[in-house]
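Values in this document were obtained by computation on a predicted structure and should not be read as measured data.
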Amino acid sequence: LIRCAQNSETIKEIGVCQGATLAGMLLTNPKKITGMDIAPHYFDPYKKHFEKYATEHNIDFSYQVQDSTNPASVSEVDMLHIDSLHSPKHLIKELKLHAPKCKKYIVFHDTANFSTSKGLLKTIAEYITEVEQSWKIIDHYIHRVGYTVIERVSRVKSHRE
């Protein structure tokens, strides 16, 4: 997460909750960072700290109360972190909307099998092989709830193209 954030000027996190991962990315001092969640009551007690740090470090920080499957939530970014509703149907909707506007990395939280989910790796693999073939998996961690990182790549044309 931090490695990708350090190589990104613009970052968006979908599913902020209390803001722990958003804070980590904010500390890499990107030019712009946006947090998005549909349940602001978790983040509201901490928002002032984010705003203060962003102001002191000349970072364009915003927090949006928004449904991530609403087309109005889409913007161009270098890095996207997805930690929202951990459902394959919801994730594929988010990917179809947001991934085409993401220039470098998408980091997913909760991608391994755990007690309340079968994980999301199959959904990610489906997206990068069947929908938008310009991504590759560069990291996949299976312990605890897991995470997966994909990176945008230039698609290599097949000999038939």
Side-chain angles (χ1 to χ4, degrees), residues 1-28 30-43 46-47 50 59-153:
L1 188 72
I2 299 303
R3 184 179 59 232
C4 294
Q6 288 171 332
N7 292 315
S8 302
E9 292 185 351
T10 55
I11 299 169
K12 179 183 287 183
E13 179 173 51
I14 297 172
V16 172
C17 198
Q18 293 173 324
T21 53
L22 188 65
M25 293 183 293
L26 183 67
L27 292 174
T28 67
K31 286 186 179 178
K32 181 176 183 175
I33 189 165
T34 303
M36 180 186 310
D37 207 310
I38 58 170
H41 60 279
Y42 294 112
F43 184 69
Y46 311 103
K47 186 177 179 184
F50 286 77
I59 299 169
D60 180 358
F61 169 76
S62 65
Y63 180 81
Q64 301 171 355
V65 179
Q66 177 91 257
D67 178 346
S68 61
T69 62
N70 180 338
S73 70
V74 178
S75 60
E76 192 171 277
V77 293
D78 292 327
M79 177 190 169
L80 178 65
H81 179 230
I82 299 178
D83 190 10
S84 58
L85 185 62
H86 303 106
S87 125
K89 287 181 182 180
H90 188 80
L91 178 58
I92 202 74
K93 286 180 191 176
E94 289 175 328
L95 284 171
K96 286 179 178 178
L97 274 173
H98 294 272
K101 294 292 189 177
C102 185
K103 296 188 274 185
K104 292 184 178 183
Y105 308 102
I106 303 177
V107 180
F108 305 86
H109 191 242
D110 299 319
T111 58
N113 293 349
F114 56 103
S115 63
T116 59
S117 169
K118 292 184 179 178
L120 297 170
L121 184 59
K122 287 181 183 178
T123 306
I124 297 164
E126 174 188 325
Y127 182 81
I128 68 175
T129 59
E130 298 177 21
V131 180
E132 188 183 1
Q133 296 178 342
S134 55
W135 296 95
K136 70 176 180 178
I137 294 174
I138 60 168
D139 200 2
H140 178 64
Y141 184 78
I142 61 169
H143 300 287
R144 297 186 185 161
V145 295
Y147 68 85
T148 302
V149 181
I150 62 175
E151 178 179 33
R152 185 171 288 285
V153 294

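Considering every non-hydrogen atom in both Leu120 and Ser87, the closest pair reads CD2-C, 3.8 Å. Scanning both residues, Leu97 and Pro71, for their nearest heavy atoms gives CD2-CA, 4.1 Å. Listed here is the closest heavy atom pair of Glu151 and Tyr105: OE2-CE2, 3.8 Å. The two atoms that bring Pro100 and Tyr127 nearest to each other are CD-OH, 3.8 Å, heavy atoms only. The two residues Gln66 and Ile38 come nearest to each other via the heavy atoms O-CG2, 3.2 Å.
The ring of Phe43 has its center closer than 6.0 angstrom to the ring center of Tyr63.
Under the ring pair (Phe, Tyr, Trp, His ring centres under 6.0 Å) criterion, no residue pair touches residues 64-85, with sequence neighbours excluded. The salt bridge (charged side-chain N to carboxylate O under 4.0 Å, His left out) contacts involving residues 69-88 comprise Glu76-Lys103, Asp78-Lys103, where partners must be two or more places apart or lie in separate chains. The stretch residues 121-132 participates, sequence neighbours left out, in these salt bridge (charged side-chain N to carboxylate O under 4.0 Å, His left out) pairs: Glu132-Arg152. Contacts classified as salt bridge (charged side-chain N to carboxylate O under 4.0 Å, His left out) and involving residues 85-99 (residues at least two apart or in different chains) are not found. Pairs engaging residues 31-40 under the side-chain hydrogen bond (donor to acceptor under 3.5 Å, both in side chains) rule: Thr34-Ser62 [sequence neighbours left out].
With sequence neighbours left out, Asp67 forms a side chain to side chain donor-acceptor pair (under 3.5 Å) with Thr69. Residues satisfying the side chain to side chain contact (heavy atoms under 4.5 Å, CB included) criterion with Leu121, sequence neighbours excluded, are Ile137, His140, Thr148. Residues passing the side chain to side chain donor-acceptor pair (under 3.5 Å) test with Ser75, sequence neighbours excluded: Lys12. Scored by the side chain to side chain contact (heavy atoms under 4.5 Å, CB included) test, Tyr147 finds Asp139, Tyr141, Val149 as partners (sequence neighbours excluded).
Side-chain contact check for Ser68 versus Met36: some heavy-atom pair is nearer than 4.5 Å.
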Given Ile106 and Leu95, is the side chain to side chain contact (heavy atoms under 4.5 Å, CB included) satisfied, shown in steps?
-> CA-CA 9 Å; Ile106 303 177; Leu95 284 171; 4.1 Å; yes

Apply the test side chain to side chain contact (heavy atoms under 4.5 Å, CB included) to residues Ile128 and Ile150: give CA-CA distance (whole Å), side-chain angles for both, the deciding distance (0.1 Å), then the verdict.
-> CA-CA 9 Å; Ile128 68 175; Ile150 62 175; 4.0 Å; yes

Would you check, one step at a time, whether the test side chain to side chain contact (heavy atoms under 4.5 Å, CB included) holds for Asn7 with Met79?
-> CA-CA 9 Å; Asn7 292 315; Met79 177 190 169; over 6 Å; no

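A donor-acceptor contact shorter than 3.5 Å is absent between the side chain of Ser8 and the backbone of Ile11.
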